[in-house]
Amino acid sequence: SHPYNKCVLTNCASAVDFVIIHWYPDGPPDQSLQSPTRIPGVASSMRSEINSYVGARASSVAILVTETGPYTNTGPAAALYTSDTYLAWIENGAQNVDFQELHQGFLAEGISGVADHAPIWGAYGCRMARNLASVGDTFVSASSGTTMVGVHAVRKTNGHYGVMLINRDPTNSYTITVNASGASLASSGTRYDFGAANFGSSIYPSSGPTQSTITGIGSSSFSITIPAYSMSVVDIPAANVPPVAPANLVATPADSAVQLSWNGS
């Protein structure tokens with residue numbers, strides 16, 4: 001508990017509507033890309049302080065992340081950071097997340113050789129997050145057995161299953177097998193990809209996310225390879241069968257496991 005937070009929240013308890021977090025983890029790319037793993041603890045601590053000092057109105061106080069950015073990092077790492085951070089904050093109760101000043105690593109104002117207002121890493125990171133989840137979708141429990149692969153998952157309002165896998169490794173790809181129990185997956189879905197291949201040797205992307213069809217999906221499993229420094233979203237319809245019990249998905253890279261659980265959502 002921070003003394004400043006206690007002072008402000010105690011004195012504003014009858015009127016406060018929201019609290020603000022500015023989230024700028026520092027450090028080189030490897031540290032920046034691990035920072036989303038800290039978000040659940042930070043969000044939980046903030047919510048605990050609100051509950052302690054606001055009292056009866058605590059449940060009506062929102063958490064807003066009004067600034068975030070990848071520190072001084074650029075290129076694919078900055079895009080991966082953006083998607084991972086946006087989704088992690090929303091998963092953990094933030095009602096909004098805003099990228100840093102729009103012309104600072106989001107839209108290319110005044111960058112030599114890049115058209116003004118061109119989308120760069122932050123914009124494409126946001127677009128990939130949007131490919132996973134939109135308004136009304138429900139985030140579900142997701143955890144990874146390796147810190148090199150981030151994971152987020154949703155059950156969409158249209159009944160589809162959505163999974164984002166983020167390869168934080170700048171060198172190695174991961175081939176991941178996803179095994180689902182309690183879910184009936186369609187045989188094909190839509191895949192979105194963005195990462196190192198969109199940048200080439202530049203720190204600025206030359207193209208946006210690609211979209212393709214992923215086929216060969218079994219009713220309860222599929223495999224997918226995520227290139228180094230890249231992220232993929234897979235959107236899979238439910239099979240054309242009656243709804244079944246809660247789904248438990250296990251995605252297994254070479255030496256780890258990603259756990260995804262749809263608890264009847």
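- Between the side chain of Asn73 and the main chain of Gly27, a donor-acceptor pair closer than 3.5 Å is present.
- Atom CG in Asp98 sits 9.5 Å away from atom CZ in Phe106 (nearest 0.5 Å).
- The hydrophobic cluster containing Leu64 also includes Phe18, Ile20, under a criterion of side-chain heavy atoms closer than 4.5 Å among ILVMFWY residues, counted directly or through chains of members.
- For Gln211, the side-chain contact (heavy atoms from CB on, under 4.5 Å) criterion is met by Thr190, Tyr192, not counting sequence neighbours.
- Residue pairs meeting the salt bridge (Lys or Arg N to Asp or Glu O under 4.0 Å) criterion with at least one partner in residues 212-224, sequence neighbours excluded, are absent.
- Annotation: the span from Met231 atom CE to Leu165 atom CG amounts to 12.0 Å, rounded to 0.5 Å.
- Partners of Arg47 under the side-chain hydrogen bond (donor to acceptor under 3.5 Å, both in side chains) rule, at least two apart in sequence or in another chain, do not exist in this structure.
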Going by atom type alone, with no hydrogens or angles, which donor-acceptor pairs under 3.5 Å involve a side-chain atom of residues 116-126 and a protein atom two or more places apart or on another chain?
residue: Asp116; atom: OD1; partner: Gly110; partner atom: N; Å: 3.0
residue: Trp121; atom: NE1; partner: Gly105; partner atom: O; Å: 2.9

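- Residues satisfying the salt bridge (Lys or Arg N to Asp or Glu O under 4.0 Å) criterion with Arg57, sequence neighbours excluded, are Asp17.
- The closest donor-acceptor contact from the side chain of Tyr71 to the backbone of Tyr24 lies at 3.5 Å or more, if one exists at all.
- Judged purely by atom type and a 3.5 angstrom limit, Ser52 uses its side chain to pair as donor or acceptor with the backbone of Ser48.
- For the atom pair CG of Asn167 and CD1 of Ile226, the computed distance is 7.5 Å after rounding to the nearest 0.5 Å.
- Using modelled atom types, one side-chain atom of Thr10 and one backbone atom of Lys6 make a donor-acceptor pair closer than 3.5 Å.
- When the side-chain hydrogen bond (donor to acceptor under 3.5 Å, both in side chains) test is applied to Tyr86, no partner is found at least two apart in sequence or on another chain.
- Applying the salt bridge (Lys or Arg N to Asp or Glu O under 4.0 Å) test to pairs two or more places apart or on separate chains, those with a residue in residues 74-93 are Asp84-Arg168.
- With sequence neighbours excluded, no residue satisfies salt bridge (Lys or Arg N to Asp or Glu O under 4.0 Å) with Arg127.
- The list of side chain to side chain donor-acceptor pair (under 3.5 Å) pairs with a residue in residues 32-44, not counting sequence neighbours, is empty.
- Partners of Asp169 under the salt bridge (Lys or Arg N to Asp or Glu O under 4.0 Å) rule, at least two apart in sequence or in another chain, do not exist in this structure.
- Thr225 pairs by the side-chain hydrogen bond (donor to acceptor under 3.5 Å, both in side chains) definition with Thr175, not counting sequence neighbours.
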